[in-house]
Amino acid sequence: MAVQTPFYHYDIELLENTLQTLTAAIPSSNFKVHYAIKANAEPRILQTIRKYGLGADCVSGNEITRALECGYAPSEIVLAGVGKSDAELNTAISNGIHSINCESIEELEVINEIAEQNNRVAHISFRINPNVDAKTHHKITTGLSENKFGIPISEVSRAIAEIRKMNALKLTGVHFHIGSQILSMDPFIKLCTQVNTLLDEMEAEGVELEHINVGGGLGIDYLNPDGNPIPDFEKYFAVFHEHLQVRPGQTVHFELGRSVVAQCGSLISKVLYVKKGATKNFAIIDAGMTELIRPALYDSHHEMENITADAAMGMDTYSVVGPICESSDVFGQLEMPITKRGDIIKIKSAGAYGQVLSSNYNLRDSAIAYYSDEMTLNACIGKEEQVAIS
Ligand SMILES: Cc1ncc(COP(=O)(O)O)c(C=O)c1O
Ligand SMILES: N[C@@H](CCCC[NH3+])C(=O)O
């Protein structure tokens with residue numbers, strides 16, 4: 001083994017292909033895509049994404065700082081979050097970012113105060129909870145009335161009245177985000193309908209907006225990552241192009257995370273033991289929920305492959321589990337070639353909400369990242385000599 005397992009491996013070529021497909025699918029020059037940094041904040045990933053002209057969607061002061069360090073201009077950065085601290089608002093305002101997505105009327109007063117202290121006028125978007133069902137996992141649904149996110153649509157008039165009293169705030173946009181891993185286009189169409197109605201109502205109140213931010217949420221194919229590595233961005237953007245009634249001069253912003261980075265990342269782990277349990281075989285690997293928490297947290301499915309075993313040896317079924325002292329530390333049931341200690345398991349579609357959600361529970365070391373243009377996966381696992389890659 002050339003490098004220590006477990007580790008993350010990112011296929012930079014796939015990331016670039018994804019970005020090329022995404023940018024080619026943008027149907028209008030007034031569409032602007034911000035990458036949702038929360039999905040993966042590795043500097044190498046952020047720098048690659050920036051090359052394709054995407055802005056940054058942040059949810060913390062540290063994400064703003066990371067975006068700036070990776071070359072994103074303040075004018076390309078937006079900040080959302082239901083609980084922004086004063087320090088985070090200060091980072092956003094002092095850097096003059098494009099928009100602070102305000103999630104409550106209560107927050108307006110605090111932002112106004114901090115903007116005044118900075119002698120700045122902060123650009124505000126109202127994050128509005130549209131009460132649209134994203135038809136995704138309930139733990140990653142964000143746009144229903146019962147969710148903590150956004151200003152209720154019924155409170156928008158009151159929010160407008162409040163912001164008009166604030167000297168250091170300018171209302172420039174509206175923001176929505178209904179959830180994540182959304183595969184049907186229907187929820188996005190419903191969102192457009194809600195946005196259109198709201199824009200009419202806001203216009204009737206004399207509000208003119210510069211931008212509409214419809215959030216992110218486009219899902220990926222976790223069941224067939226090799227066959228379907230790049231999401232259908234064309235179909236996704238077409239929904240908004242067709243259904244959103246954009247006023248002249250308005251820009252439409254998107255905050256895509258998972259669809260940009262999920263498929264380019266894999267978690268690579270070594271089999272420590274193959275154990276015969278009373279009712280099943282366990283393949284105990286050296287990665288756990290500390291490196292990839294999605295299966296434990298959301299029962300998420302990730303395709304896995306034993307990339308060192310030989311299918312000619314016959315097949316068997318294994319429960320692939322991690323070493324952590326939690327019964328939910330299970331990656332799933334898998335039929336794979338007869339597996340032995342030392343084999344390498346590749347856990348796919350782990351580029352989004354994988355490495356960023358790692359923890360040091362059990363005082364584990366952090367898995368580090370390797371990039372395909374610096375070290376191929378085969379070189380990482382000692383299957384081939386690393387040759388110079390241009
Ligand atoms: C406000 C906001 N924008 C964008 C995203 C990115 O979502 P996704 O990774 O599903 O594109 C999220 C995460 O769900 C979010 O909460
Ligand atoms: N962490 C979630 C996505 C959350 C999106 C952020 N609001 C996942 O792994 O699917």
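Just follow the structure's listing: the first ligand is 1, and inside any ligand the first atom is 1. This chain uses plain numbering: 1 for the first residue, then up along the sequence.
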- Would R341 count as a cation-pi partner of Y273, with NZ or CZ less than 6.0 Å from the six-membered ring centre and within 45° of the ring normal?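 Checked: cation-pi criterion met.
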- Message: Heavy-atom contact check, 4.0 Å cutoff: does Q181 meet ligand 2?
- Response: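 Flag not set, Q181 not near ligand 2.
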Proximal ligand 2 atoms for [X], defined as those under 4.0 Å from one of its heavy atoms:
| X | value |
| --- | --- |
| L357 | 1 (N) |
| R258 | 3 (C), 8 (C), 10 (O) |
| K38 | 6 (C) |

- Item | Sub-4.0 Å heavy-atom approach of Y353 to ligand 1 |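 So Y353 counts as touching ligand 1.
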- Task: Say whether S259 and ligand 1 are in contact under the criterion: heavy-atom distance to a ligand atom below 4.0 Å.
- Result: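 No.
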- Where's the contact between D57 and ligand 1, heavy-atom distance under 4.0 Å: side chain, backbone, both or neither?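 The answer is the side chain.
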- Could you check which of R258, E103, H177 puts a non-hydrogen atom nearest to atom 7 (O) of ligand 1?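 The residue whose heavy atom sits nearest atom 7 (O) of ligand 1 is H177.
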Please write down residue, atom name and distance for the protein heavy atom closest to [atom].
| atom | answer |
| --- | --- |
| atom 15 (C) of ligand 1 | K38 NZ, 3.0 Å |
| atom 10 (O) of ligand 1 | S180 OG, 2.4 Å |
| atom 3 (N) of ligand 1 | E255 OE1, 2.6 Å |
| atom 9 (O) of ligand 2 | R294 NE, 2.6 Å |
| atom 4 (C) of ligand 2 | I140 CG2, 3.7 Å |

Donor-acceptor contact present, side-chain [X] to main-chain [Y], <3.5 Å:
| X | Y | result |
| --- | --- | --- |
| T136 | Q181 | yes |
| S266 | K346 | no |
| Y8 | A367 | no |

- Just checking, is any N or O donor in the side chain of T172 or H211 under 3.5 Å from an acceptor N or O on the other one?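 Judged by distance alone, the side chains do pair up.
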Of all the atoms in ligand 1, which lie at a distance below 4.0 Å from a heavy atom belonging to [X]?
| X | answer |
| --- | --- |
| G257 | 8 (P), 9 (O), 11 (O) |
| G217 | 7 (O), 8 (P), 10 (O), 11 (O) |
| L256 | 11 (O) |

- Quick one: sort the Y371 and Y10 rings into parallel, tilted or perpendicular, breaks at 30° and 60°.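 Ring orientation of Y371 relative to Y10: parallel.
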- Message: Can you tell me how the ring of Y236 sits relative to the ring of F188, calling it parallel under 30°, perpendicular over 60° and tilted otherwise?
- Response: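 Correct class here is perpendicular.
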- Item | F254/F240 under ring pair (Phe, Tyr, Trp, His ring centres under 6.0 Å): CA gap, chis, key distance, verdict | CA-CA 10 Å; F254 299 84; F240 296 93; 5.3 Å; yes
- Message: Count I, L, V, M, F, W, Y as connected when their side-chain heavy atoms are under 4.5 Å apart, and connections chain through other members. Are V78 and I64 then in the same cluster?
- Response: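 Different clusters.
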- Query: Checking side-chain hydrogen bond (donor to acceptor under 3.5 Å, both in side chains) for the pair N62/S60: CA distance, chi angles, key distance, verdict?
  - Reply: CA-CA 5 Å; N62 288 347; S60 72; 5.4 Å; no
- Message: Is it the case that ligand 2 has an N or O less than 3.5 angstrom from some N or O of H177?
- Response: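 No - when backbone and side-chain N and O of H177 are compared with those of ligand 2, no distance drops under 3.5 Å.
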- Query: Going by distance only, is there an N or O of Y298 that falls short of 3.5 Å from an N or O of ligand 2?
  - Reply: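 Checking ligand 2 against Y298, an N or O pair does fall under 3.5 Å apart.
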- Query: For K51, which residues count as a side chain to side chain donor-acceptor pair (under 3.5 Å) partner, sequence neighbours excluded?
  - Reply: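 For K51 the side chain to side chain donor-acceptor pair (under 3.5 Å) partners, ignoring immediate neighbours, are E16.
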